[in-house]
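The structure under discussion appears below in the form of structure tokens.
Predicted model only: the values in this text are computed from it and were never measured.
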Amino acid sequence: MKFLSRLISMFLCAGMACTCFAQDPATCKTVRFADVGWTDIAATTGLASVVFEGLGYKPVKTIASVPITFVGLKTSQLDVFLGYWTPSMTPIAEPFIKKHQIKVLDRPNLVGAKYTLAVPSYVYDAGLKSFQDIAKYADRLDHRIYGIEPGNDGNALILGMIKKNEFGLGSFKLMASSEAGMLVALRRAVKRKQWIVFLGWEPHPMNVKHKIDYLSGGDKVFGPDYGAARVFTALAPDYLARCPNAGKLVRNLTFTTDIENHVMAPIMNKIEPEPAAKAWLTRHPQVLSQWLAGVTTFDGKTSGLAAVQAYLKR
């Protein structure tokens with residue numbers, strides 16, 4: 001009956017030359033985002049969540065490790081993950097992709113990112129400029145490399161170097177805690193002018209808040225050009241077919257390092273991601289035209305752009 005009702009509605013609209021919108025099924029109203037605990041993913045998920053709220057959806061967020069995120073997408077317990085960093089996450093994601101257990105959009109949502117080991121500039125200026133230099137200063141570094149949350153892809157790359165004694169790092173220990181934990185260690189080291197090598201990436205406010213340099217020579221581990229990365233959107237395998245209107249918005253979402261750096265800054269200062277994202281979107285509504293092209297409200301009755309513009313003024 002629902003299908004017949006929609007079909008009749010389509011014919012009536014065509015005959016009356018009116019504007020007709022498709023409506024997502026009720027099961028699509030809740031949009032389940034994955035967040036691996038990185039501030040950049042919190043920022044992009046916050047931006048997307050604000051837009052979905054303006055459309056009448058109910059976005060929810062689950063914090064999970066990278067491997068669990070991909071399992072959640074595979075089982076459709078999660079819908080959307082905006083933070084599939086390539087190539088660093090590829091070893092974890094590839095088995096799911098090959099078996100068509102997750103869907104990865106063809107177009108990246110971010111280009112110009114980087115992801116590799118870094119040091120404070122005073123350490124770089126003193127001679128630690130490359131992966132090959134790390135072992136030379138093992139004692140000054142206390143034989144430690146600071147990573148982020150356990151199970152993260154970057155941590156796995158560091159552990160692989162240690163296990164294989166690449167670059168003479170066999171005596172080193174990975175300090176795995178979280179993004180916040182790594183940043184605390186960096187901040188403490190910078191304050192005391194101590195030596196530290198850590199997993200760094202851009203976009204992230206650390207690139208503005210601290211004077212840091214990325215190490216050369218890690219191309220075989222993190223990829224060329226200082227771990228140059230593209231970030232893709234990964235979805236539950238049937239999400240685009242199951243929720244076409246929400247899927248259209250997800251397909252349209254693209255970001256820049258500048259956008260993410262500015263949305264991340266207040267988040268790093270303990271502002272929740274959604275208010276930070278809403279404040280940024282209120283100041284920069286021009287991005288909405290692209291993001292909401294062809295998108296309607298959840299009920300299918302209103303242009304998505306008009307609805308979100310109105311929502312931001314509340």
Side-chain angles (χ1 to χ4, degrees), residues 21-36 38-64 69 72-73 76-84 102-105 107-110 231-256 259-260 262-264 266-267 271-314:
F21 297 124
Q23 179 185 353
D24 273 347
T27 53
C28 295
K29 186 163 189 175
T30 298
V31 184
R32 300 165 298 175
F33 286 97
D35 184 336
V36 296
W38 297 7
T39 310
D40 65 301
I41 309 305
T44 54
T45 301
L47 288 165
S49 295
V50 169
V51 176
F52 269 114
E53 285 173 359
L55 295 173
Y57 290 83
K58 292 183 178 179
V60 296
K61 178 174 65 178
T62 297
I63 303 293
T69 289
L73 294 174
S76 293
Q77 292 176 301
L78 296 169
D79 298 315
V80 182
F81 176 45
L82 295 172
Y84 170 30
I102 65 172
K103 169 73 175 177
V104 178
L105 298 184
R107 183 179 65 172
N109 65 49
L110 178 71
V231 183
F232 287 82
T233 299
L235 306 165
D238 63 341
Y239 189 69
L240 296 179
R242 178 162 47 90
C243 305
N245 186 59
K248 178 67 173 175
L249 170 56
V250 171
R251 278 186 178 276
N252 288 348
L253 289 173
T254 58
F255 311 99
T256 66
I259 290 174
E260 295 191 24
H262 282 86
V263 178
M264 278 188 277
I267 296 173
I271 302 298
E272 289 296 313
E274 287 74 20
K278 189 173 183 179
W280 188 90
L281 284 168
T282 300
R283 297 191 304 269
H284 303 87
Q286 64 274 13
V287 299
L288 295 173
S289 296
Q290 176 195 326
W291 291 359
L292 291 165
V295 178
T296 74
T297 52
F298 169 71
D299 60 15
K301 295 179 179 179
T302 309
S303 158
L305 181 59
V308 175
Q309 286 173 334
Y311 174 76
L312 292 175
K313 293 177 182 178
R314 295 176 191 169

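Across all their heavy atoms, Ala48 and Leu82 have their closest contact at CB-CD1, 3.9 Å. Across all non-hydrogen atoms, the minimal contact from Pro237 to Leu73 is CD-O, 3.3 Å. The shortest non-hydrogen separation linking Ala246 to Tyr239 is CB-OH, 3.3 Å. Among all heavy-atom pairs drawn from Lys103 and Leu240, the shortest one is CE-CD1, 4.1 Å. In terms of heavy atoms, Arg32 sits closest to Gln77 at NH1-O, 3.4 Å. Between Pro266 and Ala276, the closest heavy-atom pair is CG-CB, 3.8 Å.
Note: Thr233 OG1 to Asn109 CG = 4.0 Å, rounded to the nearest 0.5 Å. With rounding to the nearest 0.5 angstrom, the CZ atom of Phe33 is 11.0 Å from the OG1 atom of Thr62. With values rounded to the nearest 0.5 angstrom, Asp24 atom CG is found 13.0 Å from Lys248 atom NZ. Rounded to the nearest 0.5 angstrom, Asp299 CG and Lys29 NZ are separated by 8.5 Å. Here the straight-line distance linking atom CG of Leu78 with atom NZ of Lys61 works out to 13.0 Å at 0.5 Å rounding. Here Ile63 contributes atom CD1 and Trp38 contributes atom CH2; the two are 13.0 Å apart, rounded to the nearest 0.5 Å.
Here the side chain of Thr44 pairs a donor or acceptor atom with the backbone of Ile41 at under 3.5 angstrom. Between the side chain of Arg251 and the backbone N or O of Arg107 there is no donor-acceptor pair closer than 3.5 Å. Asn245 places a side-chain N or O within donor-acceptor distance of the main-chain N or O of Thr296, the cut-off being under 3.5 Å. Put simply, the side chain of Ser76 never gets that close to the backbone of Ala236: no donor and acceptor are under 3.5 Å apart. Listed for the Asp35 side chain is no donor-acceptor partner under 3.5 Å among the backbone atoms of Thr45.
Among the candidates Asn252, Leu312, Leu249, the single residue satisfying the side-chain contact (heavy atoms from CB on, under 4.5 Å) test with Val51 is Leu249.
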Could you walk me through whether His262 and Trp280 pass the side chain to side chain contact (heavy atoms under 4.5 Å, CB included) test, one step at a time?
CA-CA 8 Å; His262 282 86; Trp280 188 90; 4.0 Å; yes
Give the C-alpha distance, both sets of side-chain angles, the deciding distance and a yes or no for side chain to side chain contact (heavy atoms under 4.5 Å, CB included) between Ile102 and Phe81.
CA-CA 10 Å; Ile102 65 172; Phe81 176 45; over 6 Å; no
Start with the C-alpha distance between Leu292 and Leu55, add both sets of side-chain angles, then the distance that settles side chain to side chain contact (heavy atoms under 4.5 Å, CB included), and finish with yes or no.
CA-CA 10 Å; Leu292 291 165; Leu55 295 173; 4.0 Å; yes
Applying side chain to side chain contact (heavy atoms under 4.5 Å, CB included) to Trp291 and Leu281, what does each step give before you reach the verdict?
CA-CA 12 Å; Trp291 291 359; Leu281 284 168; 3.8 Å; yes
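A cation-pi contact links Lys278 to Tyr311, judged by a cut-off of 6.0 Å to the six-membered ring centre and 45° from its axis.
Relative ring orientation between Tyr84 and Phe232 is described as tilted, the plane-to-plane angle lying within the 30° to 60° band.
Counting only heavy atoms from C-beta outward, the side chains of Val36 and Thr69 approach each other to under 4.5 Å. For the pair Pro59/Glu274, no side-chain contact is recorded, criterion being any heavy-atom separation below 4.5 Å from C-beta on. Annotation: side chain of Asp79 is not in contact with side chain of Val250 (no heavy-atom distance under 4.5 Å).
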